[in-house]
Number of protein chains: 2
Amino acid sequence: MTSTQESAEDRHLPYDVFAKACPSRGTLEHVTGRWGGLTLGALSEGSLRFNELRRRVDGVSEKMLSQTLHALERDGLVLREAQPTNPPRVDYELTPLGHEVAQRLLALIRVLEGGMDDVLAARERYDETRGAR
Amino acid sequence: MTSTQESAEDRHLPYDVFAKACPSRGTLEHVTGRWGGLTLGALSEGSLRFNELRRRVDGVSEKMLSQTLHALERDGLVLREAQPTNPPRVDYELTPLGHEVAQRLLALIRVLEGGMDDVLAARERYDETRGAR
DNA sequence: CTGTATCCGATCGGATACTG
DNA sequence: CAGTATCCGATCGGATACAG
């Protein structure tokens, strides 16, 4: 097999995200889903409470944040710590693996933010050529 | 603003993915969308034709691959080169920015693949505690 | 081979209301 | 404060058929 995909099999790992049935795909989707990446990014510098997170991740609804946090918690990327106080206080923080993931995610985001001028220029060219389609 | 988000504003960039209206969010979603990341990853080692890509990105449909490629091309991450031959031959390859993005993406994927044993264990614990729920 | 067009069910995700 | 429950429109995305 003349591999050009220096991925899982070349590194002798049991998981290959390029394979349809691999469980790593599900986690990748949680991490890179609409709110997953921003949530992990927001938690990368320390724990935050539910509504702090909501404000930080601009635009997320309660429902989606709750859903996102559950998925990340289940995957072992986020830790949920509920204080038995009144009013309730719940802190969310990254696990070690969550931190690693968040670091990579933030590196990606930085590249994207840094390249947005190129992206915007490319879009204009594309829309011109294809005449707004 | 006591920033704990060492992101765009701290680096004096005009784009901040955490802001709802920032155009970088759209690009992040193209890149991290269901097929965007896998497509960029598949192209990271060289150009591929349409159906080569389809086989590489296991599970993607024609429609979704086409849509994904258009979005990535418009954002200036992928270059489309159509040969005027018969039968038609179209090569897709990464732009320089596309390569940078793909590198970050692959780094993320590697962390995820490498951490899947932890992830799977965390899931079992979660599902036990919360009783399948 | 490289796509586009259409149909249509599944899922996403926002708004709102409500609970502890 | 920290969520859950429900409604419901928008979008996603697969299957299929068709086109250059």
Residue pairs fulfilling salt bridge (charged side-chain N to carboxylate O under 4.0 Å, His left out) with at least one residue in residues 80-90 of chain B, sequence neighbours excluded: B/Arg89-B/Asp91

Between P on D/dG3 and CG on A/Leu65, what's the gap in Å once rounded to a whole number? 9 Å

What residues form a side-chain hydrogen bond (donor to acceptor under 3.5 Å, both in side chains) with A/Arg54, not counting sequence neighbours? A/Glu62

d(CZ, A/Phe50; P, D/dC1) in whole Å: 11 Å

Residues passing the side-chain contact (heavy atoms from CB on, under 4.5 Å) test with B/Ala121, sequence neighbours excluded, are B/Arg125

Rounded off to whole Å, could you give me the CD-to-P distance for the A/Gln83 and D/dG3 pair? 12 Å

Whole-Å distance, B/Glu81 CD to C/dT2 C1', equals 16 Å

The side-chain hydrogen bond (donor to acceptor under 3.5 Å, both in side chains) partners of A/Thr68 (sequence neighbours excluded) come to none

Checking all strands, does A/Arg80 fall into the base, sugar-phosphate, or nothing category for heavy-atom contacts under 4.0 angstrom? sugar-phosphate

Check the phosphate of C/dT2 against B/Asn51, side-chain N and O only, distance under 4.0 Å to OP1 or OP2. Yes or no? yes

Counting only non-hydrogen atoms, which of residues 69-76 of chain B are less than 4.0 Å from DNA chain D? none

Under the side-chain hydrogen bond (donor to acceptor under 3.5 Å, both in side chains) test, residues paired with A/Arg74 that sit two or more places apart: B/Asp127

Give a yes/no answer on whether the side chain of B/Ser66 brings an N or O atom under 4.0 Å of OP1 or OP2 in C/dT4. yes

Per-nucleotide protein contact string for nucleotides 7-20 of chain C, where B marks a base within reach and S marks sugar-phosphate only (heavy atoms under 4.0 Å, - for neither): B-----BBB-B--B

Check side-chain contact (heavy atoms from CB on, under 4.5 Å) between B/Ala21 and all other residues, then give those that pass, not counting sequence neighbours. none

Roughly, in whole Å, what's the span from CG in A/Asp91 to C1' in D/dA2? 12 Å

Contacts of A/Leu120 meeting side-chain contact (heavy atoms from CB on, under 4.5 Å) (sequence neighbours excluded), chain-then-number -> A/Met116, A/Arg123, B/Tyr15, B/Pro23

Does B/Tyr92 place a side-chain N or O at less than 4.0 Å from the phosphate oxygens OP1/OP2 of C/dG3? yes

Sequence neighbours left out, what passes side-chain hydrogen bond (donor to acceptor under 3.5 Å, both in side chains) with B/His70? Give chain and number order. A/Tyr126

Describe, as an angle rounded to 10 degrees, how the axis at the first end of the helix from C/dC1-D/dG20 to C/dG20-D/dC1 is tilted relative to the axis at the last end, five pairs per end. 50°

If you compare every side-chain N and O of B/Arg89 against the phosphate oxygens of C/dT2 (OP1, OP2), does one of them come in below 4.0 Å? no

Nearest heavy-atom contact between A/Thr27 and B/Val119 is OG1-CG1, 3.6 Å

Nearest non-hydrogen partners of B/Cys22 and B/Asp16, listed with the distance: CB-O, 3.1 Å

Applying salt bridge (charged side-chain N to carboxylate O under 4.0 Å, His left out) to A/Arg34 and not counting sequence neighbours gives B/Glu29

D/dA2 P sits how many Å from A/Arg56 CZ, rounded? 14 Å

